[in-house]
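Data first, discussion second: the structure below is written as structure tokens.
As a basis for the values below, the full set of heavy atoms in this structure was taken, side chains included, without hydrogen atoms, waters or symmetry mates. Predicted, not measured: the structure shown is a model, and the values here were computed from it. Proteins get letters first, then strands, A, B, ... in listed order; numbering begins at 1 in each.
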Amino acid sequence: EAGVAQSPRYKIIEKRQSVAFWCNPISGHATLYWYQQILGQGPKLLIQFQNNGVVDDSQLPKDRFSAERLKGVDSTLKIQPAKLEDSAVYLCASSLARGRGANNEQFFGPGTRLTVL
Amino acid sequence: GNSVTQMEGPVTLSEEAFLTINCTYTATGYPSLFWYVQYPGEGLQLLLKATKADDKGSNKGFEATYRKETTSFHLEKGSVQVSDSAVYFCALSRTLGGSTLGRLYFGRGTQLTVWP
């Protein structure tokens with residue numbers, strides 16, 4: 001079974017530029033998460049989708065970050081414009097999320113390492 | 001609110017030494033608790049989990065017991081190997097009806113290096 005795919009793996013941009021990350025979850029997984037992992041810290045949730053709807057985006061800096069999952073499968077996270085403090089690894093995760101008693105383990109992709117200069 | 005505190009790293013051990021990485025949590029309700037591992041150049045992988053008090057999660061020689069009275073979930077291994085060198089993250093999620101819900105709350109991670 002293929003895992004969570006992310007691209008690109010690395011990205012270097014200058015501040016005020018725009019950048020987009022792509023995630024393809026495990027086939028059949030209804031729930032998709034984007035986490036931000038700043039160096040030396042644990043991952044923090046940016047946004048959670050259930051199919052193509054947003055469940056939780058309370059920690060997403062909406063003035064510069066946006067995300068979509070139009071067909072309920074793959075997802076794109078965008079930053080526009082980027083700031084120095086956005087330098088981090090952006091992790092995508094997915095889970096089956098089939099209801100009570102279900103194993104809702106999150107499976108993580110390899111991440112995209114963003115450096116903002 | 002929900003949060004996880006884990007011991008500061010890095011931790012450096014010789015092969016076959018005993019490992020303990022401390023983790024305590026603050027949560028509303030009764031969370032599920034996890035340990036994730038991140039090997040160099042790879043994504044996060046679930047190492048073990050426990051979904052209710054007194055449960056013991058175990059995998060690959062690692063163990064952790066869900067202690068509600070001390071709000072702790074310490075990771076232990078009796079004899080570490082060089083291949084265990086990685087970053088270890090303690091995490092929690094809310095639980096409802098036996099299912100884990102939504103977002104994971106992570107600790108800062110503990111870097112473990114094992115020397116031969």
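- Aromatic ring centres of A:Phe108 and A:Tyr35 lie closer together than 6.0 Å.
- Looking at B:Tyr105, neither its backbone nor its side chain comes within 4.5 Å of chain A, counting heavy atoms on both sides.
- A:Arg9 touches chain B through its side chain: at least one heavy atom from C-beta onward sits under 4.5 Å away, while N, CA, C and O do not.
- Inspection of the B:Trp115 and B:Thr12 side chains reveals no N or O donor paired with an N or O acceptor under 3.5 Å.
- Applying the side-chain hydrogen bond (donor to acceptor under 3.5 Å, both in side chains) rule to pairs touching residues 59-70 of chain B yields B:Thr70-B:Ser72, sequence neighbours excluded.
- A donor atom on one side chain and an acceptor atom on the other are not found under 3.5 Å apart for B:Ser79 and B:Glu16.
- The shortest side-chain heavy-atom distance between B:Cys90 and B:Phe34 does not fall under the 4.5 Å cut-off.
- Inspection of the A:Glu68 and A:Thr76 side chains reveals no N or O donor paired with an N or O acceptor under 3.5 Å.
- Using a 4.5 Å heavy-atom cut-off against chain B, the contacting residues of residues 53-67 of chain A are A:Asp56, A:Ser58, A:Gln59.
- Only the side chain of B:Gln38 comes within less than 4.5 Å of a heavy atom in chain A; its backbone stays farther off.
- Within the 4.5 angstrom heavy-atom criterion, only side-chain atoms of A:Gln37, from C-beta onward, approach chain B.
- Remark: A:Arg69 does not engage A:Asp74 in a salt bridge, criterion side-chain N to carboxylate O under 4.0 Å.
- Both the backbone and the side chain of A:Leu45 come within contact range of chain B, judged by heavy atoms closer than 4.5 Å.
- The pair B:Lys52-B:Asp55 meets the salt-bridge criterion, with a side-chain N (NZ, NE, NH1 or NH2) lying under 4.0 Å from an Asp/Glu carboxylate O.
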